[in-house]
Amino acid sequence: MLYIIATPIGNLKDITLRALEILKQVDGIICEDTRRTSILLNNYAIKKPLFIINDFNETKNFPQILDRLKSGQDLALVSDAGTPLISDPGYKLVRACLESSIEVDSIPGPSSVINALILSGLPPDKFMFLGYLPEKEGHRKKLLSSLIEKITYVIFIAPHKLIRVLEEMQEIYGDIEICLAHELTKIHQSVETKKLSEWLTRLKNPKGEFVLLFRLK
């Protein structure tokens, strides 16, 4: 059986009792980065074999992991932080398990998408998660220009791309309000809403991952 387990996005205490129980009982844990996952496991005195699946080796490595599951092993899939498969590798493995009649279960828990959404003050009744925007400027602007009104949009964005994306959004939408969620669940957590012009004046050297939220009226 494959268990998909959500893990903390910042605060190591944000893990469910059920998640810990299953991590202790499985035969191995599939992760993106053994260093990141080991921090969590060591904190709860859990020792298990670790198998790596990331954006670079997912297609190559998941057949070996699939063989372990077919042989009867129980494995857990975790990401570096939050709920697996949400802008993280793993969906190919899940799809292969379902096609091979291997049981899959999801153990719910932290998600930066949901955390940011409920803290933003934006209407959460209809929202769309866009993940990471396209790398190419032309594709990025085309996507941003195609968005419709009265939906709250949630985007993951790396710090070195933040200012560039905000400038493009100002060009397309004008001086709209943008919510930036940063360091969620950590000591220096911040969730603030400002005009695009204010953010561009304030942000000089952003660091850490951001969740960007906005709504077109």
Side-chain angles (χ1 to χ4, degrees), residues 4-11 14-16 19 32 55 77-91 94-95 104-186 188-200 202-203 206 208-217:
I4 304 167
I5 300 181
T7 55
I9 58 178
N11 191 319
D14 291 337
I15 189 165
T16 68
E32 291 182 81
D55 290 328
L77 172 66
V78 301
S79 65
D80 282 348
T83 301
L85 278 70
I86 308 300
S87 287
D88 283 322
Y91 85 90
V94 171
R95 184 174 60 190
V104 179
D105 197 7
S106 175
I107 313 305
S111 167
S112 57
V113 175
I114 302 303
N115 262 40
L117 180 64
I118 62 177
L119 291 173
S120 69
L122 292 168
D125 57 328
K126 296 180 181 66
F127 72 93
M128 181 179 291
F129 175 57
L130 298 177
Y132 289 98
L133 295 176
E135 288 289 329
K136 293 185 178 180
E137 180 181 341
H139 293 171
R140 198 164 53 243
K141 287 184 175 180
K142 183 178 180 180
L143 172 62
L144 291 172
S145 298
S146 70
L147 302 182
I148 63 176
E149 297 180 349
K150 297 184 180 180
I151 293 178
T152 297
Y153 294 99
V154 186
I155 298 171
F156 284 165
I157 187 162
H160 65 282
K161 298 178 181 177
L162 179 58
I163 293 176
R164 183 192 324 152
V165 168
L166 291 179
E167 289 173 341
E168 291 171 356
M169 293 180 72
Q170 188 177 44
E171 177 186 334
I172 295 168
Y173 305 131
D175 201 16
I176 65 169
E177 288 190 337
I178 296 290
C179 177
L180 289 181
H182 186 234
E183 299 290 297
L184 288 172
T185 77
K186 299 180 182 179
H188 301 295
Q189 170 179 293
S190 66
V191 182
E192 297 181 79
T193 299
K194 298 181 184 298
K195 295 281 190 180
L196 271 167
S197 57
E198 294 179 74
W199 280 122
L200 289 170
R202 176 176 171 178
L203 292 168
E209 296 294 323
F210 287 83
V211 183
L212 186 157
L213 306 96
F214 68 101
R215 186 179 179 90
L216 301 176
K217 298 179 179 180

Counting C-beta onward and ignoring hydrogens, is there a side-chain heavy-atom pair between [X] and [Y] closer than 4.5 Å?
X: L212; Y: M169; result: yes
X: R202; Y: E192; result: yes
X: I151; Y: L216; result: no
X: I4; Y: V104; result: yes
X: F214; Y: T193; result: no

Could you report the tightest heavy-atom contact between [X] and [Y], atom names first, then the distance?
X: P159; Y: P206; answer: CB-O, 3.2 Å
X: L85; Y: V94; answer: CD2-CG2, 4.0 Å
X: Y173; Y: S145; answer: OH-N, 4.4 Å
X: G208; Y: E183; answer: CA-OE2, 4.3 Å
X: P89; Y: E32; answer: CD-OE1, 3.6 Å
X: A19; Y: A6; answer: CB-O, 4.5 Å

Verdict with reasoning, Q170 to D175, per side chain to side chain contact (heavy atoms under 4.5 Å, CB included) | CA-CA 6 Å; Q170 188 177 44; D175 201 16; 3.9 Å; yes
Can you tell whether the side chains of R215 and E177 come within less than 4.0 Å, N to carboxylate O?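 Salt bridge absent between R215 and E177.
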Does the distance from a Lys or Arg side-chain N to an Asp or Glu carboxylate O, for R164 and E168, drop under 4.0 Å?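 No.
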Inter-residue atom distance [X].[atom1] - [Y].[atom2], 0.5 Å rounding:
X: I86; Y: I114; atom1: CD1; atom2: CD1; result: 8.5 Å
X: T185; Y: I9; atom1: OG1; atom2: CD1; result: 4.5 Å
X: I5; Y: D105; atom1: CD1; atom2: CG; result: 9.5 Å
X: Y91; Y: L77; atom1: OH; atom2: CG; result: 14.0 Å
X: I172; Y: L147; atom1: CD1; atom2: CG; result: 8.5 Å
X: T152; Y: L122; atom1: OG1; atom2: CG; result: 5.0 Å

- Query: Hey, which of N115, V211, L119, I118 is the one that makes side-chain contact (heavy atoms from CB on, under 4.5 Å) with V191?
  - Reply: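 Between V191 and the candidates, side-chain contact (heavy atoms from CB on, under 4.5 Å) is satisfied uniquely by L119.
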Checklist line | F210: which of V165, I155, L162 passes side-chain contact (heavy atoms from CB on, under 4.5 Å) | finding: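 One option only clears the test, and that one is L162.
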Original post:
Is the backbone of T83 close enough, under 3.5 Å, to the side chain of T7 for a donor and an acceptor to pair up by distance?
Top reply: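 No: the side chain of T7 does not pair with the backbone of T83.
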Are the side chain of W199 and the backbone of I178 linked by a donor-acceptor contact shorter than 3.5 Å?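 Indeed, once roles are kept as given, a pair shorter than 3.5 Å links the two residues.
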_Neighbour count above 12 (heavy atom, 6.0 Å) for K195 NZ_ =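 Counting other residues, nucleotides and ligands, NZ of K195 exceeds 12 neighbours.
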Requested in this report: Evaluate side chain to side chain contact (heavy atoms under 4.5 Å, CB included) for E135 paired with K161, printing each intermediate quantity in order.
Outcome: CA-CA 10 Å; E135 288 289 329; K161 298 178 181 177; 2.4 Å; yes
